[in-house]
Amino acid sequence: MLKPNHNSCPRSPAPFEQVELPTLLLEAIDYLRLFHQEQSLPEAQLQKRLAEIHQDYRHSRTYWQTKEEIAYGAKVAWRNHSRCIGRIFWESLIVRDLRHLTTAEDIFAAIVEHMQQATNGGNIRSTISVFAPDLPGQPGIRIWNPQLIRYAGYRQADGAIVGDPDQVELTEICQQFGWQGQGTRFDVLPLIIQMPGQKPQWFELPPNIVMEVPMTHPEYDWFAELGLKWHALPAISDWRLEIGGISYSAAPFNGWYMSTEIGARNFGDVKRYNLLPVVAERMGLNTRSKLSLWQDRALIELNRAVLHSFTLAGVTIVDHHTASAQFMQHWQREAEAERIVPADWGRIVPPLSASTMEVFHQEMQDVCLKPNFFHLSPLWITEKDVTANAQAVLPNDQQKRCPFHSHSDDR
Ligand code: ARG
């Protein structure tokens, strides 16, 4: 029988536990048990560590985790993250303990180093940098950008957008801070880092550390003329890492790309670069008839171009068929370890040729195990929020969130 390896959330304390313990301690106990059990550490060591944590908690309402607890916790957070198809590699995550850094400048420098080490000349290494934890009753360190590398989106006078439409708000914020982009479709945004209780600071990334791949197609010579490129490193920076009740709101992490993320979503989505009509046109397809399946055919060629270009550039990438097979292998391995694989079907199944992959036919359970990553809401208030709040009856924080996505937000 498969059993969850860990507590599910919202957390319900098991009857044998001292229910009067604060959540933080209950979470700590849960994690420390998992840590000691999976690392085959002696029970005596667990008891000693728990006593220490209780002591710490009495003094400071929090506790300081060991390097090892963080290193393993970050890996398990990846393993537990129900949206990720690439979890077979969870144990190979490189964990950088950077909790000692106290200034935005130092954190920026450490992020630059992270990007260099993780990009590794194209041979991408999954890496996480863990900065100082949130303290009780205080906001944590925040990186405002959703990812370490994102392209700006510039709203034009006629309403059109140059660049990534997803980044229009952040781009405008960067501009308000005094940043000025070149105005191309692929301007890398600066990083905005905010220390607890301080004003946010922005930093331009040195261009030589942002590896990019120019897009060409294995057969269509004209494809290069589209002038497309994408960055090599997908590095998420707006999710907090939670281990044993301790929250790390600045803990950017990266893996490598699966081709559909770029070829289907970033390039293909109507609300992103919206390239299907352009590609279909160049392919000479009949874009006036849905029956010609021009969108599907253009999508395939975009994805072939992404795989071709990354491979040519020597940058790690995985196609969706391989990723699906790896995920199913991970599923199998986890079953052998008597663990379930929490999974969000809609996020796991790739957005292209779904039924050709085993993951499509697999039933999945999206349970929330911890450690895990939790999405953080943006810190800026947009005009939309202002209008929405003005019309709202109850001015609570929930209103900024999409009700259909609230499951991905903080609890
Ligand atoms: N989908 C996001 C993007 O296109 C990246 C998300 C993380 N992806 C990954 N392979 N680790 O930039």
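Computed from a prediction, not measured in an experiment: that's the story for all the values here. Counting starts at 1 for both ligands and their atoms, following the listed order. Note: hydrogens, waters and symmetry copies are ignored here, and every other heavy atom, side chains too, is used.
Nearest heavy atom pair, residue N80 against residue P371, reads ND2-O, 2.9 Å.
Note on ligand 1: I262 sits outside its first shell, no heavy atom being nearer than 4.0 Å.
R272 places no side-chain N or O within 3.5 Å of a backbone atom of F267 that could act as its donor or acceptor partner. Of the possible donor and acceptor atoms, one in the side chain of H54 sits under 3.5 Å from a partner among the backbone N and O of L50. With hydrogens and angles ignored, the 3.5 Å screen pairs a side-chain donor or acceptor of Q156 with a backbone N or O of Y154.
Protein heavy atom nearest atom 1 (N) of ligand 1, with residue, atom name and distance: E261 OE1, 2.7 Å. In terms of protein heavy atoms, atom 4 (O) of ligand 1 is closest to N266 ND2, 2.8 Å.
Taking a 6.0 Å sphere around CD of Q39, one finds it holds more than 12 heavy atoms contributed by other residues, nucleotides or ligands.
Inclusion of Y257 in the set of residues having an N or O under 3.5 Å from an N or O of ligand 1 is warranted.
Within the 4.0 Å heavy-atom criterion, neither part of N254 lies near ligand 1. Contacts of R272 with ligand 1, taken as heavy-atom pairs under 4.0 Å, are absent altogether. No part of R265 comes within 4.0 Å of ligand 1, judged by heavy-atom distances.
Atom numbering of ligand 1 starts at 1 in the shown order; those under 4.0 Å from a heavy atom of Q147 are 2 (C), 3 (C), 5 (C), 12 (O).
Side-chain contact, R96 with S129: a donor N or O sits under 3.5 Å from an acceptor N or O.
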